[in-house]
Structures are given as structure tokens and as C-alpha cells.
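Okay, so here's the structure we're looking at.
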2 protein chains.
Amino acid sequence: MFKKVLLAEDFQGGNHGIVEVLREKLHIEELQEELYCDKALTRLKVALKNHVPYELLITDLLFVADHIDRKLTSGIELIKASRALQPTLKVIVNSMEDNPVKINTLFKEQKINAYVCKSRHGLTELVNAIQEVYHNRTFVSPQINLNVADNVFELDGFDMMILKDLADGLTKKEISEKLKQQKITPNSESTIDKKVSRLFDEFGAKNTHHLIAKLVRGGKI
Amino acid sequence: MFKKVLLAEDFQGGNHGIVEVLREKLHIEELQEELYCDKALTRLKVALKNHVPYELLITDLLFVADHIDRKLTSGIELIKASRALQPTLKVIVNSMEDNPVKINTLFKEQKINAYVCKSRHGLTELVNAIQEVYHNRTFVSPQINLNVADNVFELDGFDMMILKDLADGLTKKEISEKLKQQKITPNSESTIDKKVSRLFDEFGAKNTHHLIAKLVRGGKI
DNA sequence: AAATCCCTTGCAGATTTCTGTAAGGGATTG
DNA sequence: CAATCCCTTACAGAAATCTGCAAGGGATTT
């Protein structure tokens, strides 16, 4: 899991449980929160200079103005500035915005790694998103109809067949026998084991229960 | 996947890419299209007589009249006639109708296996529906508010906790330890085993994989 | 031709799941 | 009080999952 994460969160956002939840659910050693874009950028700069750079930036989009002067006034500016000095930095945007077109633009132009909508399940989704991004995948809150990210997770026909059968309650032995009967190859139990285990890594699942839950939620199976 | 599928589609419907998309996405060996109910029924008859019956019928509801005389004038009549001669035939209805009550009636009286609304995502949904029906499940386009199939089995808070943790990839031993830590009782692995096994019966699940898939699909967890 | 890589398969073992039996405690009922 | 029921728990054994290691084959590269 990520060791060093920076959270830039408009302090008016209210969601101040984020840090605690993330600390508890994931095991991130260093997780700092900043309420202003400028301060967040400074932190990134210092960390980079000291050769202990942040690995992930989680940022809001909207930062409401207050009495403090500021240069960076939005999450997009923060992302641009951050990527300018640390191009490999991974970025998750966590905001209220739910316009697919705008979110799509974030992926296209800012190359963000995930977008999580602030909603009832926003925190759970954020945890998922971090895990996905850690495994070099993208993530978008399911309620966002972003047909751009539809093909992000490619499951070939063989994977699909196995997963659907597992979700239907078949054991791997039964799936193996079924494949042999249909003269489909590969069909050994061992290979099925391997295929599924590989999917654990790809989707950041701990076991088959977890994998099935994730894929069904994502509408993949 | 289905080997032999018949598509009855009002030719005014316009959606003539259906056949190509289905052929490409799924791997159906024989996929024929008919523009008239009567011709579709004839095809079913002939196939059955030659001992190579169709496995799935996908039909529209509304077939607009033109110069050709016809006996069957709607999808419902086609379904009734088809089922009369081949009761095991699976049926997916693909139409513009979006009245939940009418769609509900199709499930109740015609025992159709899936209903897909013709809409922007209709084709994608149709692909999903075919896969679901192939696995002996039903499917309804998500935009249809069909709270009919509510087998209201009560899940109490304790069941929910266990199920969510399982779906999150925790083992029963881990759940047991977590409960002990939180001083929640009961908390033994044995009791958790029993609780989950009881849910197998209630929800007709073969094992935990199956149960999780069902409950996530049903939006329970 | 040899080396290399990738995929498939078998096998072994540790862990987990699933099912059944049995024992004990608390609450209810006769 | 005794009988009964229900819930919790322990335990045991069979089946299934999960993770390694190793062997073999086919395709590609050197």
C-alpha cells in the first residue's frame, strides 16, 4: 500500500472523518491533510527536495476563498502544479462534481488516476479507489456514467466464464469438469486457480469472495 | 453460450446493427433475424421438427402492420405461440415499452426471462441480458423500476455485518476475532458458520460465492 | 540449435469453508 | 420443578481454496 499520501481538502467540506477512516482501513504510514492548495503544493515540494516524495495526492476540486491570500485556487491548478514538479505523482480527485463531461476531461487532460464522488458511499469508494490506483488501475464512482472508463478493466471471455460460474456457486473442480466436457482448453483446476489468483492482484481482492463482490458491484459480471 | 438464437424485430425499429453487435460480442453460431412474427414462428417450428431447436427467442412487442397479411400481430402472441410448441424456449423481450406494470405482467404471465428497454444503452443491456439468461437468471433494464421480485428475506444487523465483511474479503476467523475485539456477542467462528449456512437455505445459494453474488446483485450489501 | 519466455498442468501443504454432532445455558411452557 | 426450545459454542472430518514449486510444451528470440 502507499506509504505517503497527501490529502488536500477544502476545510468547508466538512468531511473531516476522512483521515481517520483512511488510516484505519488502509495502512498508510504517512497521511497528511492540508486545507489550502498552496500549502499542499509546498508540502509536495519539500518532500521531493528531501527525497521522500509523496506517492499519492487526493484532492478536492473546489476550494472556497477565505481571508487568506492564495495563488492556487482550485484542485485543477493544484494538480497541474504538482504534476509539473513530480510527473509520476498519482492523483485521485474527490469532489461533489458529478458532470460526466467534466470528469472525463480530468482523465483526458490531467491524467488523473481516479475520480470519487462525494456522496453517501463516498468514503467507501475512496478506499476502493486508493486500492485500485495502488494497483495501477483507474477508478470512477459507479454512479458516474462515464462510458470512457468502460473498457478500463478488460476481462477476456475465459475470465468471464470462470467468474460467472464462481458467482453462480460452482466450485473450481466443477468448472474444470464443465470445460473438459465442452472441450474447451485450458481446463485444469490448476489453471483456473492461477487465473483467479491473477485477478486478485489485478483487482486488489483478498480472496474470491472479495473479487466477486467487487466485480458484481462494478457490473462486470 | 447459446448456439442458436432467433431475433424477431419489427423492421421499422431501425436498430439494424443488433445482429452484428450480438454476433461480435457473444459467440452465437446461429443467429437469425425475422421481421414478421409469422415467419419467426415458422422458423421455430421447422427447427424443432428437424431436431435442431432454437434455444432463445429475442422479440419486440410491437410489430407495425404493412401490406402483408398476418396472423400473429404482436410479440406477446408470438411468445404464446412459441411457448405452446416449445415450452422450454427462453425469451427476451426487447422493446420501447417502459411501463413497469406491463413489463411485470410479461414476467408473471408469459414467464419471459428478461426485458430490455430500447434506449441509448439498450444494446449493451441486451448483451448482458443474454448472458444472464444463459446462466438461468432474469434481467430487467435498470431504468425500469420493477420492485416485484422482492423476496423479502430479513437480514438483521448481525447478518449484514458478517456479509459485508465476507464481501470485503475477511475470513470467518477474522470476523470472529473482530467481533471479540469489539466485545460483540455472539462471536464464535461456529456461530458465524451457522448464520451463513442458514442464509444459504433462505436465499437458495450453493455457497458463499453464490450468496455474495446474489446479495450484491440485489443491492442488499 | 540453444536459450528464453509464456502458458498449462500436476502436486503438495497450509488454510478456509462447510456440515454434522454434541454439550451447555437461558428463556419459556406445562 | 421438569420438559422443551432456541441459541451459542466446541470439535471433527471432508471438501474446497489458495499458494507455492516444478515439469513440460510451444512459440519466439538470439
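Proteins get letters first, then strands, A, B, ... in listed order; numbering begins at 1 in each.
Rounded to a whole Å, the CG atom of B:L199 is 14 Å from the C1' atom of C:dC18. Atom-to-atom, CD1 of B:I192 to P of D:dA10 comes out at 11 Å; the value is rounded to the nearest Å. The distance between atom CD1 of B:I162 and atom C1' of D:dC7, rounded to the nearest whole Å, is 14 Å. Here C:dT9 presents its P atom at 14 Å from CD1 of A:I175, a figure rounded to the nearest Å.
A:T191 places no side-chain N or O within 3.5 Å of a backbone atom of A:N187 that could act as its donor or acceptor partner. A donor-acceptor contact shorter than 3.5 Å links the side chain of B:S197 to the backbone of B:D193.
Side-chain contact check for A:Y54 and A:E30: no donor-acceptor pair (N or O, by modelled atom type) lies under 3.5 Å. Checking B:E55 against B:Y134 by side-chain atom types alone, no donor-acceptor pair falls below 3.5 Å. Looking only at atom types and distance, the side chain of A:N113 has no donor-acceptor partner in the side chain of A:T138 under 3.5 Å away.
A salt bridge links B:R137 to A:D168: one of the charged nitrogens lies within less than 4.0 Å of a carboxylate oxygen.
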### Summary
Nucleotide by nucleotide, nucleotides 13-26 of chain D touches protein heavy atoms under 4.0 Å in the pattern (B base, S sugar-phosphate only, - none) ---SSBBBB-----
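Remark: B:F200 CZ is packed, more than 12 non-hydrogen atoms of other residues, nucleotides or ligands lying under 6.0 Å away.
Geometrically, B:K214 does not engage B:F203 in a cation-pi contact, judged by NZ or CZ lying under 6.0 Å from the ring centre and within 45° of the ring axis.
Applying the 4.0 Å criterion to OP1 and OP2 of C:dT8, one finds that A:K195 has a side-chain N or O inside that range.
Of the residues in residues 180-188 of chain A, those lying under 4.0 Å from DNA chain C by heavy-atom distance are A:P186, A:N187, A:S188.
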